[in-house]
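See structure below.
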Amino acid sequence: QVQLVESGGGVVQAGGSLRLSCAASGSIVGIGVMGWYRQAPGKQRDLVASISHGGTANYADSVNGRFTISRNNANNTVYLQMNSLKVEDTAVYYCNASRLSRPYWGQGTQVTVSS
């Protein structure tokens, strides 16, 4: 069992920055890829960025160049640095982790970008 807790969401003006954190606890050993997804009202949940245990990152085209995902395997935390935020980035952001081929999800944190 893995528990994921997100933090760092909030309201920010367009062009601003936020840094999201996701702390994993429970059965930590064996966690592989971790990532961030987001879901706007009435929309599907889409991948924003993912990162392997070794640090290889992938990004959605919509955030590539603006967001940076990173992880600290020592404290079991994954981060999402979001710069140059746009109104279109407004969504609930969810942390995801995979352990032994099983997915785990955080409760989500709201990110609102105002114009």
Side-chain angles (χ1 to χ4, degrees):
Q1 303 178 62
V2 177
Q3 291 183 316
L4 302 171
V5 180
E6 303 100 332
S7 62
V11 180
V12 66
Q13 193 84 356
S17 298
L18 283 174
R19 182 175 174 85
L20 305 183
S21 299
C22 172
S25 62
S27 300
I28 302 304
V29 176
I31 291 179
V33 174
M34 299 184 74
W36 290 93
Y37 291 70
R38 66 187 181 187
Q39 186 170 26
K43 305 291 181 62
Q44 66 179 352
R45 186 176 299 185
D46 292 327
L47 175 69
V48 176
S50 65
I51 185 167
S52 71
H53 189 274
T56 300
N58 291 283
Y59 299 93
D61 289 341
S62 59
V63 306
N64 194 26
R66 299 187 297 120
F67 292 9
T68 302
I69 189 170
S70 61
R71 67 190 290 173
N72 186 326
N73 294 326
N75 63 12
N76 309 303
T77 302
V78 63
Y79 306 92
L80 186 67
Q81 178 67 46
M82 304 185 294
N83 298 326
S84 301
L85 282 161
K86 304 175 180 180
V87 172
E88 306 95 276
D89 296 319
T90 296
V92 177
Y93 283 69
Y94 296 90
C95 180
N96 171 267
S98 177
R99 180 181 183 273
L100 304 179
S101 300
R102 299 177 66 89
Y104 296 88
W105 294 94
Q107 82 287 351
T109 184
Q110 177 70 46
V111 171
T112 301
V113 184
S114 65
S115 61

For this session: Kindly compute the distance separating SG (C22) from CG (N76), expressed to the nearest 0.5 Å.
Result: 10.0 Å
Exercise. Does a sphere of radius 6.0 Å around CD in Q3 hold more than 12 heavy atoms from other residues, nucleotides or ligands, not counting ones at 6.0 Å or beyond?
Worked result: no
Can you see which heavy atom on [X] is nearest to which on [Y], and at what distance?
| X | Y | result |
| --- | --- | --- |
| Q110 | A91 | NE2-O, 3.4 Å |
| A60 | L47 | CB-O, 3.5 Å |
| A49 | Y59 | CB-CD2, 3.6 Å |
| Q81 | S17 | NE2-CB, 4.0 Å |
| C95 | M34 | SG-CE, 4.3 Å |

Between [X] (side chain) and [Y] (backbone), is there a donor-acceptor pair under 3.5 Å?
| X | Y | answer |
| --- | --- | --- |
| R71 | S52 | yes |
| Y79 | N72 | no |
| N96 | Y104 | yes |
| E6 | Q107 | yes |

Exercise. Could you walk me through whether R38 and T90 pass the side chain to side chain contact (heavy atoms under 4.5 Å, CB included) check?
Worked result: CA-CA 9 Å; R38 66 187 181 187; T90 296; over 6 Å; no
Transitive ILVMFWY side-chain link [X] to [Y], under 4.5 Å:
| X | Y | value |
| --- | --- | --- |
| V78 | I31 | yes |
| V12 | V63 | yes |
| V2 | V5 | no |
| V111 | W36 | yes |
| L4 | I51 | yes |

Problem set entry | Candidates V48, I69, T109 - the one meeting side-chain contact (heavy atoms from CB on, under 4.5 Å) with L20 | T109
Problem set entry | Criterion side-chain contact (heavy atoms from CB on, under 4.5 Å) against L85, the qualifying member of V87, N83, D89 | D89
Exercise. Would you call the rings of Y93 and F67 parallel, tilted or perpendicular, where under 30° means parallel and over 60° means perpendicular?
Worked result: tilted
For this session: Tell me, with the steps shown, if M82 and V113 meet side chain to side chain contact (heavy atoms under 4.5 Å, CB included).
Result: CA-CA 11 Å; M82 304 185 294; V113 184; over 6 Å; no
For this session: Before giving the answer on side chain to side chain contact (heavy atoms under 4.5 Å, CB included), spell out for S27 and R99 the whole-Å C-alpha distance, their side-chain angles and the decisive distance to 0.1 Å.
Result: CA-CA 9 Å; S27 300; R99 180 181 183 273; 3.6 Å; yes
